[in-house]
**Q** 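One structure coming up, written as structure tokens, with questions to follow.
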Amino acid sequence: MENSLLYFFRGNFRRNRKLIFNICSQLTIMERNFTGDLRNLPDGTNVIIMGWAQEIRSLKNLVFVVIRDSTGQVQATFKRENFSNMDQLSTLSRESVIRVEGKLNLQSKSKAGFEVEASSINVINVSESPLPLGIIDPVEADFETRLNNRFLDLRKPVKGSIFRIKSSMLWGIREYLHQQNFIEVQTPKIVAAATEGGADLFPVEYFEKEAYLNQSPQLYKEILIASGIDRVFEVGPAFRAEEHNTVRHLNEFTSVDIEMGFSDHHSAMSMLENAVKKGIENVLKTNSSDLQALGLKIESPKVPFPRISYEECRKIASSNGVEIPFGEDLSVEALKFVGEKFHDFYFIVDWPSSLRPFYTMPKEEDDRYTNSYDLQYREKEITSGAQRVHNPDLLTKRFMEKGLKPENFEFYIKAFRYGMPPHAGWGLGLERLLMILLDLQNIREATLFPRDRTRIVP
RNA sequence: GCCCCGGUAGUGUAGUGGCCUAUCAUACAGGCCUGUCGAGCCUGUGACUCGGGUUCAAAUCCCGGCCGGGGCGCCA
């Protein structure tokens, strides 16, 4: 890897020796101004802008170049009277990386009200043309074209906003969990056993053994409860080999998981609604310009979120003419009726045992139901959680009821035999939450490089 | 896994058997224009997913492949 990089530089060096000398000296000696800071500098300041040539408009004695960097954009004006090398600009292509030096003009006639009166330009790296995808073209490309050229797609400021928001939302959630004495952990993604059965796992060749990509950190975070760490959370990839083809499923997504010892589903739900609230509040605090760019007005959700039982949902569906037999999952159609009644966030609690995995704690008073919950936003499921079974005998029984062989999970059950506290937790789909927060129509919009039924490149 | 739909210049589209030498916009190349800012005007380059079939004639109809989109199921 390092060698190939070296050869790349050597090759380029030979071809563009002069250019590289030029760039290196500039990058190290000179400071760089961000376009987002220009407004606050004194008029006439000498500035250096580095970024992409977003737009080039040339008139006879005048060329305008709009430069975009990570903080915004600015127009650089080249006048024949104070810029000798106008011919240099005729070859400039859109999206080339450039460095422009000039004087800041805060009284400019441009619409932005400020511009840079350019005195020099260096083309640091040329962009080929035509572009596979226009950054500022009035026609929006198909999503497939955009994903195939994702690095260009992400140059559009609104696309960047999505991922800045994703980052601060996660930051807010992390901060909250830290305050609540959780520690962040990393568990294996290459595993031997299925979490909840073997159907939807990606097999991987692991030397002489068969292994899988983990669909959830569930078993490992429970084992950590037996380790005495007590409160853990993990942010990591989860892999599902389901052949779904929808706007809200990915085959690789980011799961935010927590598990807490000496705890039940009620305190886990409280932790969840507060984590979501803090994540959103951190977005409100840090991303006002991104939200503005996306044309969104968002409010912090009120906690606690409503709790609605599975049985109530069935009744709501039934009163709208949709019958869900006991023990069957609530269909999208049914959830739409529930979502009409409880918009925004709400919990569906007390799911039947038949719909929940083996590790879910049955209700003491009626074991047809469980101490489980889903966090919903209208008809969309964001999070699934529950109090877990902590008694090893009950756990073994539940394995068998689900048609799973307890001996395949010996490494897991063993952790329950030597003192396992009662515990509860949840797993939250980060992209789903972002999708809901930003009203994105496709979960792939909330993913830099989505992995779906057919896409593994780029 | 099931059902429905689509594939035309770099990008996005119009075109449902002959009027297609394939529309329009944008991008791209060249030219004009002293301040543009969705700049404007002129000129130019550039495309029917692949294979087979039907027909005097196929972008258009039929079959298959490949690629993609949407819905459901399942899930986060």
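Protein chains get the first letters and strands the later ones, always in sequence-line order, with residue 1 at the start of each. Everything numeric in this text was worked out from a predicted model, so none of it was measured.
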**Q** Between B/rC62 and B/rG44, how far is it from one C1' atom to the other, in whole Å?
**A**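 Each nucleotide's C1' atom is 40 Å from the other's.
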**Q** Touch check for A/Glu55, heavy atoms < 4.0 angstrom, all strands: base, sugar-phosphate only, or nothing?
**A**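 The residue A/Glu55 makes sugar-phosphate contact but no base contact.
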**Q** For atom C1', what is the distance between B/rC37 and B/rC33, given to the nearest Å?
**A**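 Taking atom C1' in both B/rC37 and B/rC33, they lie 16 Å apart.
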**Q** Less than 6.0 Å separating the ring centroids of A/Phe345 and A/Tyr377?
**A**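 Between A/Tyr377 and A/Phe345, which both carry aromatic rings, the centre distance is below 6.0 Å.
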**Q** For B/rG10, give its Watson-Crick or G-U wobble partner with both distances under 3.5 Å, or none.
**A**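 For B/rG10, the partner nucleotide comes out as B/rU26, under the 3.5 Å rule.
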**Q** Any side-chain N or O of A/Ser255 under 4.0 Å from OP1/OP2 of B/rA76?
**A**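 No, because none of the side-chain N or O atoms of A/Ser255 sits under 4.0 Å from OP1 or OP2 of B/rA76.
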**Q** Any donor-acceptor pair under 3.5 Å between the side chain of A/Glu115 and the base of B/rG35?
**A**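 Answer yes: a donor N or O sits under 3.5 Å from an acceptor.
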**Q** If we ignore angles and hydrogens, is there a donor and acceptor under 3.5 Å between the side chains of A/Ser93 and A/Glu128?
**A**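 Not at all, the side chains of A/Ser93 and A/Glu128 share no donor-acceptor pair under 3.5 Å.
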**Q** Name the nucleic acid region contacted by A/Glu431, choosing base, sugar-phosphate or nothing; use a 4.0 angstrom heavy-atom cut-off, strictly under.
**A**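 A/Glu431: no heavy atom of the nucleic acid under 4.0 Å.
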**Q** Counting any heavy atom closer than 4.0 Å, what does A/Ser331 reach on the DNA or RNA strands: base, sugar-phosphate only, or nothing?
**A**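 If one applies the 4.0 Å heavy-atom cut-off, A/Ser331 turns out to touch the sugar-phosphate alone, with no base involved.
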**Q** Looking only at the side chain of A/Val332 (C-beta and beyond, no hydrogens), which of the listed nucleotides B/rU13, B/rC72, B/rG70 gets closest?
**A**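 Among B/rU13, B/rC72, B/rG70, the one nearest the side chain of A/Val332 is B/rC72.
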**Q** Counting any heavy atom closer than 4.0 Å, what does A/Glu144 reach on the DNA or RNA strands: base, sugar-phosphate only, or nothing?
**A**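 Sugar-phosphate, backbone atoms only, no base.
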**Q** Identify the two heavy atoms, one from A/Asp69 and one from A/Met50, that lie closest to each other, and give their separation to 0.1 Å.
**A**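 Scanning both residues, the minimum pair turns out to be CB-O, 3.5 Å.
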**Q** Is it the case that atom NZ in A/Lys277 sees more than 12 heavy atoms from other parts of the structure closer than 6.0 Å?
**A**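 Yes, because the 6.0 Å sphere around NZ of A/Lys277 holds more than 12 heavy atoms from other groups.
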**Q** Do any N or O atoms of the protein come closer than 3.5 Å to N or O atoms of nucleotides 25-30 of chain B, and which pairs are they?
**A**
unit_1 : atom_1 : unit_2   : atom_2 : d
B/rU26 : O2'    : A/Asp137 : OD2    : 3.4

**Q** Have a look at A/Ile382 and say if it touches a base, only the backbone sugar-phosphate, or nothing, with a 4.0 Å heavy-atom cut-off.
**A**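 A/Ile382: backbone/sugar contact only, no base atoms under 4.0 Å.
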**Q** Within the structure shown, what part of the strands sits under 4.0 Å from A/Gly427 by heavy-atom distance: base, sugar-phosphate, or nothing?
**A**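 The residue A/Gly427 makes sugar-phosphate contact but no base contact.
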**Q** Please report the distance separating the P of B/rC5 from the corresponding atom of B/rG65, rounded so that it comes out in whole Å.
**A**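 Those two atoms are separated by 16 Å.
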**Q** Show each protein N/O and nucleotides 43-47 of chain B N/O combination with a separation under 3.5 Å, one pair to a line.
**A**
none

**Q** Could you label the plane-to-plane angle of the A/Tyr310 and A/Trp351 rings as parallel, tilted or perpendicular, counting under 30° as parallel and over 60° as perpendicular?
**A**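 Plane angle between 30° and 60°, so tilted.
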**Q** Please state the C1' separation for the pair B/rA25 and B/rG64 - nearest whole angstrom.
**A**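 To the nearest whole Å, 35 Å.
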**Q** For a quick test of reading the model: is some side-chain N or O of A/Arg57 closer than 4.0 Å to OP1 or OP2 of B/rA39?
**A**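 The answer is yes; a side-chain N or O of A/Arg57 sits under 4.0 Å from OP1 or OP2.
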**Q** I'd like the C1' distance from B/rA29 over to B/rG10, given in whole Å.
**A**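 My reading of the C1' atoms in B/rG10 and B/rA29 gives 13 Å.
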**Q** A/Ile136 near the nucleic acid: base, sugar-phosphate alone, or nothing, with a heavy-atom cut-off under 4.0 Å?
**A**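 Nothing, no heavy atom under 4.0 Å.
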**Q** Between A/Thr454 and B/rG68, is there a side-chain N or O to OP1/OP2 distance below 4.0 Å?
**A**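 So the side-chain polar atoms of A/Thr454 do come within 4.0 Å of the phosphate oxygens OP1 or OP2 of B/rG68, strictly under.
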**Q** Between the base of B/rC74 and the side chain of A/His249, is one N or O donor paired with an acceptor at under 3.5 angstrom?
**A**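 Yes, the side chain and the base share a sub-3.5 Å donor-acceptor pair.
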**Q** Between B/rC48 and B/rC42, how far is it from one P atom to the other, in whole Å?
**A**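 The answer is 28 Å between these two P atoms.
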**Q** Using atom C1' of each nucleotide, how far apart are B/rC32 and B/rU36 to the nearest Å?
**A**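 The answer is 15 Å between these two C1' atoms.
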**Q** Would one find a side-chain N or O of A/Lys111 under 4.0 angstrom from OP1 or OP2 of B/rG38?
**A**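 Indeed, a polar side-chain atom of A/Lys111 lies that close.
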**Q** Taking all heavy atoms of A/Ala211 and all of A/Ile190, pick out the closest pair and write down the distance.
**A**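 Where A/Ala211 meets A/Ile190 most closely, the heavy atoms are CB-CG2, 3.8 Å.
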**Q** Determine whether a donor-acceptor pair (one donor, one acceptor, N or O, separation below 3.5 Å) exists between the side chain of A/Gln75 and the base of B/rU36.
**A**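 Answer yes: a donor N or O sits under 3.5 Å from an acceptor.
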**Q** Which letter, B, S or -, goes with each nucleotide of nucleotides 3-9 of chain B from 5' to 3', with contact meaning a protein heavy atom under 4.0 Å?
**A** -------
**Q** Kindly confirm whether the side-chain ring of A/Phe253 is stacked on the base of B/rA76, judged by centres under 5.5 Å and planes under 30°.
**A**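 Here the ring of A/Phe253 and the base of B/rA76 are stacked, with centres under 5.5 Å and planes under 30°.
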**Q** Closest heavy-atom contact between A/Gly327 and A/Ser354?
**A**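 Here A/Gly327 and A/Ser354 meet closest at O-OG, 3.2 Å.
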**Q** B/rU60 and B/rG7: how far apart are their C1' atoms, nearest whole angstrom?
**A**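 That atom pair is separated by 14 Å.
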**Q** Using a cut-off of 4.0 Å on non-hydrogen atoms, how would the nucleic acid contact of A/Lys79 be classed: base, sugar-phosphate, or nothing?
**A**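 Base contact.
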**Q** Check the distance between B/rC74's P and A/Leu201's CG and give it to me in whole angstrom.
**A**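 Atom-to-atom, A/Leu201 to B/rC74, this comes out as 19 Å.
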**Q** Salt-bridge test for A/Arg99 and A/Glu101: reply yes if a basic N is under 4.0 Å from a carboxylate O, no otherwise.
**A**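 A/Glu101 and A/Arg99: salt-bridged.
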**Q** Hey, does A/Val247 reach any base, or is it just sugar-phosphate, or nothing, if we go heavy atoms under 4.0 Å?
**A**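 Sugar-phosphate: the residue A/Val247, judged by heavy atoms under 4.0 Å, touches backbone atoms but no base.
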**Q** Any side-chain N or O of A/Asn442 less than 4.0 Å from the OP1 or OP2 oxygen of B/rG70?
**A**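 For B/rG70, OP1/OP2 do have a side-chain N/O of A/Asn442 under 4.0 Å.
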**Q** Should A/Thr145 be listed as having a side-chain N or O under 4.0 Å from OP1 or OP2 of B/rG12?
**A**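 For A/Thr145, the contact criterion (side-chain N or O under 4.0 Å from OP1 or OP2 of B/rG12) is met.
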